[in-house]
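By convention in this document, chain letters (A, B, ...) are assigned in the order of the sequence lines, proteins followed by strands, and residues within each chain are numbered from 1. Only this structure's heavy atoms are used, side chains among them; waters, hydrogens and symmetry mates stay out. Everything numeric in this text was worked out from a predicted model, so none of it was measured.
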There are 2 protein chains.
Amino acid sequence: MLDLERLRALTAVATYGTVSGAADALHVTTSAVSQQVAKLERETGQKLLERNGRGVRLTDAAELLVRHAERILALVEVAQSDLEAHRGTAVGELSVAAFPTAIRGLVATALVRLRHEHPRLRVKVCEVDPIESLPQAARGELDMAIVQDWNNEPLALPDGLAKGHLCEDVADVALPADHPLADRDSVELKELAGDSWISSTADSVCYDWLTHTLRSVDSEPRIDHMAYEYESQLALVGAGCGAAILPRLGRCVVPDNVRVLPLRPLLERRLFAVWRTEAARRPAIRATVDVLRAVAAAQVPDLTQRPT
Amino acid sequence: MLDLERLRALTAVATYGTVSGAADALHVTTSAVSQQVAKLERETGQKLLERNGRGVRLTDAAELLVRHAERILALVEVAQSDLEAHRGTAVGELSVAAFPTAIRGLVATALVRLRHEHPRLRVKVCEVDPIESLPQAARGELDMAIVQDWNNEPLALPDGLAKGHLCEDVADVALPADHPLADRDSVELKELAGDSWISSTADSVCYDWLTHTLRSVDSEPRIDHMAYEYESQLALVGAGCGAAILPRLGRCVVPDNVRVLPLRPLLERRLFAVWRTEAARRPAIRATVDVLRAVAAAQVPDLTQRPT
DNA sequence: TCCAGCATGTAGCGATCCTACACAATGAGC
DNA sequence: GCTCATTGTGTAGGATCGCTACATGCTGGA
């Protein structure tokens, strides 16, 4: 009889291309994965991995088995999810990835309520940029990813994932206090064409989005500085290094030498929770999304109406 | 992660209704099955079995899990079968059930050829009446069942099973040597209406078939004696106890005090091999069916043209 | 009331699986 | 061309798992 853990080991090798990559993902040693696959080879009577340079290559038989294994493992996840739904209560472990402003502006508060309302549910939060968390969720390394979707750039969802809308958030522009436009009530993005910009680091969705957005008003946007944390970006803005886009959700204290102005038209992002469709029926998923929505709803006035 | 062996244990309990029945089917002790299910309960966090009188009853959660498990286990079998097909050669173990005349008339010879042509295939034969072997094959306790199908009574195949035709066989009637019709070249069944009959035992398809067949010529057939083995039936015929239907396949030596006459019209049975559709792609299945057909074809003249 | 039948719990033994370590093979950098 | 980092496989030992045998508890019929 085939063993699901062994099938998972093989699919992990197929996914990551190397035995050690699979071992990392499964949190075991390479030796363990190697032995699991070797056992699978003995059981099936067929060679599954072949040495290929320093790595391995899957044989045709292994590719075939992986295709079956993916269907089987998906069905197993549906069964587990269905069984948990039958139980009705949110229990077990739920690993959630979120980007920084969502963690402090939404998830932290939600965790308090979740711990209170679902004491048997253990939510593990990890700060991961959506650029990473989406594929991780698709691969099953995460149960839920909290991601964003700017109004000028829709979210591309990998196969097998479902999303649930959480709330809207508005982003303003942060300018040095001595900027010519710093005393305006609001500003249009195109008025800032030619300005120097401060962005998130290049391995984040915010960087991709900012360059894309600025290109609509400025053929050659100048991104001179990059910092992943907004607090650092604001320090750079205060030092007169340029402008930055600053979401309202999870906003830190703005230094005195920085002015924050609303943009015209509003620059909005939508927040989504994303999960695998196989796990959709888990009460843990539903409960977490519900609480996230409730927390978000309580903050909507703050986010969309605050003068700045 | 769910474990397939544990799921199999639960489905066996669902199938057989009792823990000990499941244990028998899985060839382990009741304690082992009980522990497996208990572990499943801990993993899923839900009660699966409830004491019910001296036995157990499956909870709703267990019923739900069984439905999923059946789909998963079927998919696993397809994967294994597909993988073996990819390998191309017939290997591993194949458990085959056949009724007595098929064993000596067909399977024994086929085993010799199979052992020669597919040395890595181990075929295990067990004599089981089709009345038992069909459900056993459907439940996965057997890989193949060799069954018969009389020309006046088609075979009802349970869901999930496929069949392959092997050959035809003809049955004659055995009469005491001093029977008034014993010297005829052939005889019609209705000429024997009112005669006493010797049948297979009541727990066999042959008994069911014989009573059904005789009813078409005799409203109240007299079945005075029953013996599972034809050799015993012929001894009874020779002792003047009645008539018997005697297939040509695997026919033993006929005693001197018994005459065997062909029936008009021919009483034919068709032989089939039956297997689960999930295992249909196994080369072991295909190879065995092919050899059975070849052996049968070599005997067809003997079976259908022999004067008696 | 006793007993047969069924399920569960426990102790112990063997198998399994994982980690740590050693070793082999490859390919990139100097 | 040599060295070394990277990757995969093999082996020994310890922890865990899973099974059997046996004891115990419960139920329903004789």
Using a distance-only criterion (donor-acceptor N/O pair, under 3.5 Å, no hydrogens), is the base of C:dA20 paired with the side chain of A:T29? no
Under 3.5 Å donor-acceptor pair, B:Q35 side-chain atoms to D:dT20 base atoms: yes
Tell me, yes or no, whether the heavy-atom count around [X] atom [atom1], taken from other residues, nucleotides or ligands under 6.0 Å, exceeds 12.
{"X": "B:E5", "atom1": "CD", "result": "yes"}
{"X": "B:R139", "atom1": "CZ", "result": "yes"}
{"X": "B:E63", "atom1": "CD", "result": "yes"}
{"X": "A:E229", "atom1": "CD", "result": "no"}

Side chain of [X] (C-beta onward), nearest among [options]:
{"X": "A:R54", "options": "D:dG18, D:dA5, C:dC17", "answer": "D:dA5"}
{"X": "B:Q36", "options": "D:dG8, D:dC19, C:dT8", "answer": "D:dC19"}
{"X": "A:T18", "options": "C:dT19, D:dT7, C:dA7", "answer": "D:dT7"}

Specify the separation, in whole Å, of atom [atom1] of [X] and atom [atom2] of [N].
{"X": "B:R57", "N": "C:dC6", "atom1": "CZ", "atom2": "P", "answer": "18 Å"}
{"X": "A:L4", "N": "C:dT16", "atom1": "CG", "atom2": "C1'", "answer": "17 Å"}
{"X": "A:M1", "N": "C:dA15", "atom1": "CE", "atom2": "C1'", "answer": "18 Å"}
{"X": "B:E41", "N": "C:dA7", "atom1": "CD", "atom2": "C1'", "answer": "12 Å"}
{"X": "A:D24", "N": "C:dT19", "atom1": "CG", "atom2": "P", "answer": "12 Å"}
{"X": "A:E50", "N": "C:dA25", "atom1": "CD", "atom2": "P", "answer": "17 Å"}
{"X": "A:H27", "N": "C:dT19", "atom1": "NE2", "atom2": "P", "answer": "12 Å"}
{"X": "B:N52", "N": "C:dT8", "atom1": "CG", "atom2": "P", "answer": "12 Å"}

Touch class at under 4.0 angstrom, heavy-atom based, for A:E5 against every strand present: nothing
Looking at B:D82 and B:R282, is any side-chain nitrogen of the basic one under 4.0 Å from a carboxylate oxygen of the acidic one? no
Let me spell it out: for each of A:R6 and B:V19, pick the nucleotide of DNA chain C with the closest heavy atom. Which residue's pick is nearer the 5' end? B:V19
Closer to the 5' end of DNA chain C via nearest nucleotide, is it A:S31 or A:R51? A:S31
